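Note that the structure is a prediction, hence the values are computed from the model and not measured. We name chains A, B, ... by the order of the sequence lines, and we start the count at 1 in each one. FYI, side chains are in, hydrogens and waters are out, and symmetry mates aren't considered; it's all heavy atoms of this structure.
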Amino acid sequence: MTDLADTLLRDLTEPQAQAVRHTEGPLLILAAAGSGKTRVITRRIAYLIALGIPPWQILALTFTNKAAAEMRERVHHLLSGRDDAERLRRGLTITTFHALCARLLRRYAPLMEGAPRWGIRGDYTIYDTDDQTALMKRVMSDLQISTTNFPPRSMLGAVSNAKNELKDAEAFAREAHDFHARTVAKVFEKYEKALRAANAVDFDDLLLLTARLLRESAEARAEVQARWRYLMIDEYQDTNRAQFVIAAQLCGVDPDAPPGTPPNVCVVGDPDQSIYGWRGADIKNILDFEEHYPAARVIALGQNFRSTAPILAAADGLIRHNKQRKHKDLFTSRSGGRKPEVVLCRDEHHEARLAVDWLRRLLEEHPELAWKDCAIFYRNNALSRVAEDTLRASGIPYVIARGTAFYQREEIKDALAYLRVVANPADDVSLRRIINKPARKIGDASLDAVEGAAVGTGLPLLAAIRRVCAGAVRPEGVSGVAIGGMQRFVETLDRWTGAGSFMGSEVSGSLSELVDRVIKESGLEAMYKSAAAKSGADAEENRLDNLAELVTSAKDFEAEYDPTADAAQAAPREAGAPAPPPLLAMLRGFLESVALVADADAIDPASGAVTLMTLHAAKGLEFRCVAMIGLEEGLLPSMRALEADPNAEEERRLCFVGITRAMEHLLITSAKYRASRGLRERTIPSRFLSELPKDTIEISDQSDAFGDDTFDDDRHEGPRYEPVDNVDTAGRMARARAAAGGPGRPAGPAQPFPVGCAVRHPQFGVGKVVALLSSGSNARAQIQFRGVGTKTLVLQYARLERVD
DNA sequence: AAAACTGCATCTCAA
DNA sequence: ATGCAGTTTT
C-alpha cells in the first residue's frame, strides 16, 4: 500500500473507509443526507489511482455538470501532491450521463447509420424542450390532429414516458388499444420520423439510443467495456430504465442474462432522496441493486456531518411518515443549534418580506455569515418572483439557479439556430426559426410550397430550398421576391461554411469569430439594434449585450476545448471517410455543451449572493441558512401529486431534501392567501407542517397580522382580511375572494381610465395611461410607470387605482 | 407579408 | 398576469 493511499483513508469514519477500500466487485453505498457522500466518491477515485489503476479506466457519472465539475476539482485536489497530477486528472472521465451519451452517439454514429429506424449521423442536433414542442406542433398539424383535444405538451409527455421505458413508437403502437392511445401512437411515430429526418435527437433519445447502441452493437460494447473497468454512479436513486441499462452494459452485465464476473461498479444514493419519479426514475434500481448485481457489498453511511441536531430531528420526523420506506436512524455529530422556525404568513408578499428579514437578522446576529451562505427554496419556479422582487427592493444581492435561462432567450436561440443549421443542414426546426428572421420576404406560404414540392424526395427543407434557388424546380405559389430572399439566405450560409467545405479565405478560423460573424452577417444584430432604437426600452438594449455575451462564451469554450478528447474527432472511421473540419467539430462540441447546460450549473458559491432555486435543483447542495417558502397543499405537495398516493411520498421526500440542505438555520413558511394566475386565493397549510414533530420546531402564526408599518405598500389594495377559522367552506371562500377584490369582482374596470390620467399599481407604483389599446372583455392599456417603464396591462385584472 | 388585435388557456419539477 | 394562436387590419 502506498503512502498516498494510506493518507486517503486517514480522516474517514469506519464505514466511509470501508467504502473507499472496496475497489473490486459491486458496491452499493447507501448514503444518507449529509453523510459525506461526495467525500467518499472522490476519495475512492483517488484511492484507485493510488493503487496504480490507470485513470482512463475510471468512469464516474453524475446528473449535472456542476456535480461533475466539483468531483473533478476535489479529486484533482487530492492528487495535488503528485507530480503527474495533471496527466492523471486528464485521463479520468467524470461527466454527466447525458454528456457521456452524446459523446458515445457521436463516436459510434457510423455504426448505426445503417439501422433503418434509429440510425443517426454524427452531426446530429440535440433538441431542447422548445424545439421538441415546435416539432410536435408541426407534426400534429401535418396529421391534422386537434391540439386542443391533444395538447402537444401531454403528447410529448407520453412520448417521453415511453422512451424512458425504452419503448419505441412501434412497441407503443402494439400496446395502444383505445382511441387516445392510438392517436398518441400515430403522433409518436410521425414525431420520431421527423426527428430522424432532421438528424436530431431529443433529451430522452440521448439515453435511449445509447442504451440501444450498447445492446445491439457488439463492437461499441466491447470497446467501452475494454476502456472503462471502474464505474461509479452518483444519485443512483434517480436513474431510469435507460440509465440502468447503460450502466449494466458498461459493466458487461446483460440485465436479462445470468451474471458472469462481478463488475467493478459502485453506485451511491439514498432512497429517501428519490425525487425524479416523474421523469422516469425508478427507485427499484437502487432498492434491488443486490439482486441485479449478486455478491454486492452494501455499506450504509448514516452519520450526518451537515445539519445541527434540531434540523435533523425535524427532517427525520417528517420522512418517517413515508410508508414505503425501510426505516433508518439518522444521527448527527453536530450538537446544539436552534430549532427550525415555522411561520404562517398572511400572503406571498408578507412571506417574502418575512423570509428576507429573517436572513437579514441572521447576518446581523452572526457576523461570520454572508449572503452566499443563504438560500431560498420553493416548489415551483413561479414562486421565485415575489422573493426576487423583495430581495431587489431590499438591495440584497441574489442569483437564481437557472443555468438554462440565458440560452432560452429569444435572441440567443436565434443566433444558435443559425449555428445549428451550419452544423446540421437537415435541422428543419432551426431553419424555420431563422429563415425569415430578420425579414427576407419568405412567408409561411412560400415555405410550405417549397416543402410541398419536395414531398416524396425525402429532402430536408434547406436542400429543397437550394433546388429552388438553383432553378431546378419552381413550385407554384412561390413568388420571385421570396426566391430572391432564399438566395440571399443560402449565399450567407455558404459564405460562413465555404459551401460546406469549411475551406477558403472567407471562412472563419475560430469558433468565436464564426459566432460573431453569424450574429452580424445574419442581420440579427441590425434587427435587434433597430428594435432597440425604435422602442427605446432597455430590454431591447439588453439583447445586444446578450449576443455579445454569446461570443464570449464561445471564446471560453474555445480556450478549454481539447480536440483530442473530442470523441467525434477520435472516432473510428471507415477507410476514406474524412474527419470533420476542426472548426465544424468544435462548433458541434459547443452546441452540445450549450444543449446540456443544467439549471443547477448556474450556482456559483463565490458569487456572494443569496441563491434562489427549486427544491429539485437544491439536491446535492448545502447552505448554512435556508428558507423554504410555499408550504401549502397544492404547492408542496403539488396539485398533481395529490391525485395519487405514491406521488405524495415523493413530495414528502422533496420536502425532506429541502430541510436536509440546511446546516444551521432553517425557516419554513406558508401563506394564508396566495395569488396564482392573477387570482388571490385562500390556501390550506401543507400536511407536511403538521408532520414535523412539535418538539423539533418553533411555530408561530402571523397570518392575521396587518396594519404593520413594514407592509405599508399594501395599503392601496384596501382592507380585505376577514377573520377566517380553520374550517373552510365554499361560502367563506367566496366571501374571502370578494373581499380580496379578486375573481368575485365583476368584469371590466371599476372606473374609467382615460388616456393621460394618473394611476397607481400596488407593484409598479405611480404611472400615467399612455394609450388604450383595445376594447371588449380584454381591454388593455399601456401605462408608463415612473422608473419601471411602460407596461401593457389588462384592465380587468390589473389592480389599478386612479390617483388624480 | 407583417403588424395589430383579441379570445383563450394557463403553472410543476428538468437534462 | 402572460403567452399563444387564430383573426383582422394595414
Side-chain angles (χ1 to χ4, degrees), chain A residues 62-67 96-102 126-129 132-133 137 141 147-148 151-153 157 160 164 201-207 238 240 242-243 275-281 377-385 401-404 407-408 436-447 479 481-482 485 592-601 613-619 630 634-643 647 650-651 653-654 657 675-680 742 761 763-764 771 773-780 791-799:
Chain A
T62 64
F63 275 78
T64 67
N65 297 309
K66 167 102 185 331
T96 66
F97 261 107
H98 284 85
L100 174 79
C101 291
I126 301 170
Y127 276 0
D128 67 17
T129 312
Q132 287 182 61
T133 312
K137 284 178 180 167
S141 101
T147 50
T148 41
R153 266 184 61 92
S160 176
N164 284 331
V201 301
D202 61 24
F203 285 122
D204 300 316
D205 282 338
L206 285 173
L207 303 177
D238 285 326
N240 64 19
Q243 288 162 321
I275 55 174
Y276 281 103
W278 52 272
R279 67 172 195 203
F377 299 157
Y378 35 81
R379 177 62 175 87
N380 66 42
N381 284 307
L383 292 182
S384 75
R385 192 137 200 186
R402 250 189 248 147
T404 52
Y407 298 102
Q408 281 173 350
N436 203 31
K437 200 166 182 184
R440 296 186 179 91
K441 314 239 181 209
I442 308 167
D444 285 341
S446 302
L447 278 185
S479 67
V481 191
E592 176 186 301
S593 76
V594 163
L596 297 181
V597 168
D599 281 343
D601 297 344
M613 64 180 121
T614 64
L615 285 164
H616 282 91
K619 191 181 70 165
L635 284 180
L636 182 64
S638 79
M639 186 106 73
R640 291 284 286 275
L642 288 171
E643 291 161 11
N647 296 345
E650 181 157 314
E651 295 292 300
R653 290 195 289 268
L654 194 53
V657 165
S676 68
R677 16 178 215 201
L679 310 181
R680 185 187 220 95
H761 185 278
Q763 196 181 339
F764 305 133
L773 290 181
S774 51
S775 55
S777 67
N778 263 27
R780 289 158 210 229
K791 300 257 171 197
T792 305
L793 299 176
V794 178
L795 291 174
Q796 181 187 344
Y797 297 122
R799 290 173 296 173

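For Arg677(A), the listed nucleotide lying nearest its side chain is dT10(B); candidates were dA2(B), dT10(B), dA15(B). The side chain of Asn436(A) approaches dA2(B) more closely than any other nucleotide in the set dC13(B), dA2(B), dT2(C). Checking dT12(B), dA14(B), dA15(B) against every side-chain atom of His616(A), the shortest atom distance belongs to dA14(B). Taking only side-chain atoms of Arg379(A), from C-beta outward, the nucleotide of dA15(B), dT12(B), dA2(B) with the closest atom is dT12(B). Closest approach to the Arg153(A) side chain among dC13(B), dT12(B), dA15(B) is made by dT12(B) (side chain taken as heavy atoms from C-beta onward). In this structure, of dA14(B), dT12(B), dA15(B), it is dA14(B) that holds the atom nearest to the side chain of Ala617(A). Listed candidates were dA15(B), dC13(B), dA2(B). Nearest to the side chain of Ala439(A) is dA2(B). Among the nucleotides dA15(B), dT2(C), dC13(B), the one closest to any side-chain atom of Ala598(A) is dA15(B).
Residue Ser638(A) is in base contact, counting any heavy-atom pair closer than 4.0 Å across all strands shown. Here Ala382(A) lies in heavy-atom contact (under 4.0 Å) with a base. The residue Ser384(A) sits apart from the nucleic acid: no heavy atom pair falls under 4.0 Å.
Closest non-hydrogen pair, Pro151(A) versus Thr148(A), comes out as CD-O, 4.3 Å.
By the side chain to side chain contact (heavy atoms under 4.5 Å, CB included) test, Asp599(A) is found to be paired with Arg402(A), Thr404(A), residues two or more places apart in sequence or in another chain being considered. With sequence neighbours excluded, the residues satisfying side chain to side chain donor-acceptor pair (under 3.5 Å) with Tyr127(A) are Asp427(A).
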Listed pairs, N/O of protein and of nucleotides 5-7 of chain C, under 3.5 Å:
| residue | atom | partner | partner atom | Å |
| --- | --- | --- | --- | --- |
| dA5(C) | OP1 | Lys137(A) | NZ | 2.5 |

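Residue ring and base: Trp278(A) does not count as stacked with dT12(B) (centre distance below 5.5 Å and interplanar angle below 30° not both satisfied).
If you take CD1 of Ile275(A) and C1' of dC13(B), they are 8 Å apart, rounded to a whole angstrom. Here dA1(B) presents its P atom at 18 Å from NZ of Lys437(A), a figure rounded to the nearest Å. Rounded to whole angstrom, the span from the CG atom of Leu447(A) across to the C1' atom of dA1(B) amounts to 12 Å. Per the geometry, CZ belonging to Phe63(A) stands 10 Å off C1' belonging to dA15(B), to the nearest Å. For the pair Leu635(A) CG and dC11(B) C1', the computed distance is 10 Å after rounding to whole Å. Atom C1' of nucleotide dA14(B) and atom CE of Met613(A) are separated by 15 Å, given to the nearest angstrom. One can place CG of Leu596(A) at 13 Å from C1' of dA14(B), the figure rounded to the nearest angstrom. Between the CG atom of Asn381(A) and the P atom of dT10(B) there is a distance of 19 Å, rounded to whole Å.
Note: Leu596(A) CG to Phe97(A) CZ = 14.0 Å, rounded to the nearest 0.5 Å. Atom CH2 in Trp278(A) sits 10.0 Å away from atom CG in Asn164(A) (nearest 0.5 Å).
Of the residues near DNA chain B, Asp601(A) and Ala482(A), the one whose nearest nucleotide (by heavy atom distance) lies more toward the 5' end is Ala482(A).
Checked against a 6.0 Å centroid threshold, the rings of Phe63(A) and His98(A) do not count as neighbours.
A salt bridge links Lys619(A) with Asp238(A); the closest basic N to acidic carboxylate O contact falls under 4.0 Å.
Atom NZ of Lys441(A) has 12 or fewer heavy atoms from other residues, nucleotides or ligands within 6.0 Å.
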